[in-house]
Amino acid sequence: MARLSLIASSDDYLLEEALQRAVKAVCAEVGGVEPEFLPPETTPEQLAVELCSPSLFAPHRVLVATETRSWLGASAPRGAAKTAAGGNEEVETSPLEQVIDQGLEENVALVMGAWCGRQPVGSLVEAVEKQGSVEWIPIPKDPKPWQDVVVSEEQENVLRGVLAGVSGEVRFERSAERLLFDRLGFAPRLLAQEARKLAAASADGVVDEDLVRALSFPRERSLEVVRDAVFERRKAPLLDLMAAAEAGVAVRDWQGRTLDEKGVPPVLLSQVSALFQQLFYLRRVAAVEGLSEEMAPANCDRRGWYAGRFKNGIAPRLNEYLKKDAPSPLLREGGRLPTPWNLGRLFAGAGRYTDDELSAALADLGAVEVALRGDLAMEALTVWFGLIDR
């Protein structure tokens, strides 16, 4: 048996899972050998000595070094403590490299792991690659801002693999998957924890959206959802914020500050009404500029619309108009123009409403403000939000 492998990843959970699979496979190949996990403080020199020292008690050995980033001089991933080595620098590991270059004894296997910011390189990596295998497990790239998704298709594929690995025979419905991905983002370790909990709670071997909502509901809410809810015409996130406030669940503003229960309805009214004004104004601008047809959802929802059509074509044209028409609801503090990305989201959102819908909502604003001072504040706001789902 001669096995040598280095597994590296910028995600600690994916690395941990890959190491477990590799160690299990090597141990099974030699008939149930127990792996020997080296202490974290082990040095490359100590490992070199260990590789050259036959055991008096075990005919076969599987040595596992779970964190070798500092040996490789690799950069630390985001969120990890920095090591003395800065970023794929050469680190003195010549004794270990010499042992590896000579080839491991037939009765010894070595599995190494490295949690690092990018794919490691260097002489030790090259030595391992010549005598064994080097596997790099990258994290899929984040979606680009204009894609307006929580996780990319590539990230979804990785997360589905995580689900499959921890759920056993339990099946997750696609709607349940989507809800988990939306709530957790690309967080493989947290997803695995939630998946195990949901799989155990499944009565019929299926995890549906209702079970996810019941057991994996976030403990906090944030006003970050308001803009998306209005632009996409989904009132459920707004009603969720109101229900959370009534239930005593923390609702936070954009600075992370907690709002009290009575403060949530006025803030929601203020934010949604401001967005309605911006959308209504932008619809009028689009009409003047002959862009009403371009604003239709069939155009704005088309793949590549922002990068190919809006960013360098429509956005500059709209900004020129906004400069001439200042002040307006779309200008930020100090008269600054919105960024092309924010303007694109407003433009697409405006296309999902009609002039009549927005003008009616703004006309009812005064009555809703009065109602918020009485005992039926939540009810009045719920009715007013009814426009969003139409």
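All of these numbers come straight from a predicted model, not from anything done at the bench.
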- Before giving the answer on side-chain contact (heavy atoms from CB on, under 4.5 Å), spell out for L211 and D208 the whole-Å C-alpha distance, their side-chain angles and the decisive distance to 0.1 Å. CA-CA 6 Å; L211 188 59; D208 59 16; 3.5 Å; yes
Sequence neighbours excluded, which residues qualify as salt bridge (charged side-chain N to carboxylate O under 4.0 Å, His left out) partners of [X]?
| X | result |
| --- | --- |
| D301 | R352 |
| R234 | E232 |
| E129 | none |

Shared ILVMFWY cluster between [X] and [Y], side chains joined below 4.5 angstrom?
| X | Y | result |
| --- | --- | --- |
| L362 | L275 | yes |
| V212 | L215 | yes |
| L268 | M378 | yes |
| V251 | V267 | yes |
| V49 | L110 | no |

Can you measure from [atom1] ([X]) to [atom2] ([Y]) and round to the nearest 0.5 angstrom?
| X | Y | atom1 | atom2 | result |
| --- | --- | --- | --- | --- |
| L47 | L38 | CG | CG | 6.0 Å |
| L191 | F186 | CG | CZ | 9.5 Å |
| I139 | L15 | CD1 | CG | 10.5 Å |
| S133 | L6 | OG | CG | 8.0 Å |
| N319 | K324 | CG | NZ | 12.0 Å |
| L63 | M112 | CG | CE | 11.0 Å |

Could you tell me which residues satisfy side chain to side chain donor-acceptor pair (under 3.5 Å) with [X], sequence neighbours excluded, listed by chain and number?
| X | result |
| --- | --- |
| Q193 | none |
| E320 | K323 |
| D364 | none |
| K130 | none |

Would you call [X] and [Y] a side-chain contact if the rule is heavy atoms closer than 4.5 Å?
| X | Y | value |
| --- | --- | --- |
| Q155 | D142 | yes |
| T42 | F37 | no |
| L180 | L198 | yes |
| T43 | W71 | no |
| R227 | N342 | yes |
| Y281 | L346 | no |
| I314 | L343 | no |
| L163 | F181 | yes |

- Message: A192: which residues meet the side chain to side chain contact (heavy atoms under 4.5 Å, CB included) condition with it, sequence neighbours left out?
- Response: Y13, V162, V166, R196
- Item | Under the side chain to side chain contact (heavy atoms under 4.5 Å, CB included) test, residues paired with P266 that sit two or more places apart | none
Identify the two heavy atoms, one from [X] and one from [Y], that lie closest to each other, and give their separation to 0.1 Å.
| X | Y | answer |
| --- | --- | --- |
| F231 | L279 | CE2-CD2, 4.0 Å |
| L19 | T66 | CD1-O, 4.1 Å |
| V111 | A22 | CG1-CB, 4.3 Å |
| A229 | I388 | O-CG2, 3.8 Å |
| L381 | V368 | CD1-CG1, 4.0 Å |
| L159 | A187 | CD2-N, 4.4 Å |

- Message: Run L331 and L337 through side-chain contact (heavy atoms from CB on, under 4.5 Å) and show every step you take.
- Response: CA-CA 5 Å; L331 294 183; L337 293 167; 3.5 Å; yes
- Task: Could you name each residue pair satisfying salt bridge (charged side-chain N to carboxylate O under 4.0 Å, His left out) that touches residues 16-25, not counting sequence neighbours?
- Result: E16-R189
- Task: Output every pair passing salt bridge (charged side-chain N to carboxylate O under 4.0 Å, His left out) with a member in residues 164-175, not counting sequence neighbours, ordered by first then second residue.
- Result: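 Checked against salt bridge (charged side-chain N to carboxylate O under 4.0 Å, His left out) - neighbours excluded - the pairs reaching residues 164-175 are R174-E177.
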Using modelled atom types and a 3.5 Å cut-off, is there a donor and acceptor pairing between side-chain atoms of [X] and backbone atoms of [Y]?
| X | Y | answer |
| --- | --- | --- |
| E135 | I7 | no |
| W115 | S10 | yes |
| E67 | R69 | yes |
| R233 | L387 | yes |

Got a list of side-chain donor-acceptor pairs under 3.5 Å for residues 288-298, not counting sequence neighbours?
residue : atom : partner : partner atom : Å
E289    : OE1  : R317    : NE           : 3.2
E294    : OE1  : R309    : NE           : 3.1
E294    : OE1  : R309    : NH2          : 3.1
E294    : OE2  : W305    : NE1          : 3.0
E294    : OE2  : R309    : NE           : 3.4

- Can you spot which of E36, E34, E105 makes a side-chain hydrogen bond (donor to acceptor under 3.5 Å, both in side chains) with R61? E36
- Message: Run Q131 and L104 through side-chain contact (heavy atoms from CB on, under 4.5 Å) and show every step you take.
- Response: CA-CA 8 Å; Q131 299 293 336; L104 301 185; over 6 Å; no
- Message: Between R283 and E357, does any NZ, NE, NH1 or NH2 come within less than 4.0 Å of an OD or OE carboxylate oxygen?
- Response: no
- Message: Please evaluate residues E154 and K141 with respect to the criterion salt bridge (charged side-chain N to carboxylate O under 4.0 Å, His left out), reporting the C-alpha separation (whole Å), side-chain torsions for both, the decisive distance (0.1 Å), and the verdict.
- Response: CA-CA 8 Å; E154 188 180 4; K141 292 182 179 179; over 6 Å; no
- Task: Please state whether the rings of F347 and F310 are parallel, tilted or perpendicular, taking 30° and 60° as the class boundaries.
- Result: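 Rings of F347 and F310: tilted, 30 to 60°.
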- Verdict with supporting geometry, S328 and Y321, side-chain contact (heavy atoms from CB on, under 4.5 Å): CA-CA 11 Å; S328 76; Y321 185 96; over 6 Å; no
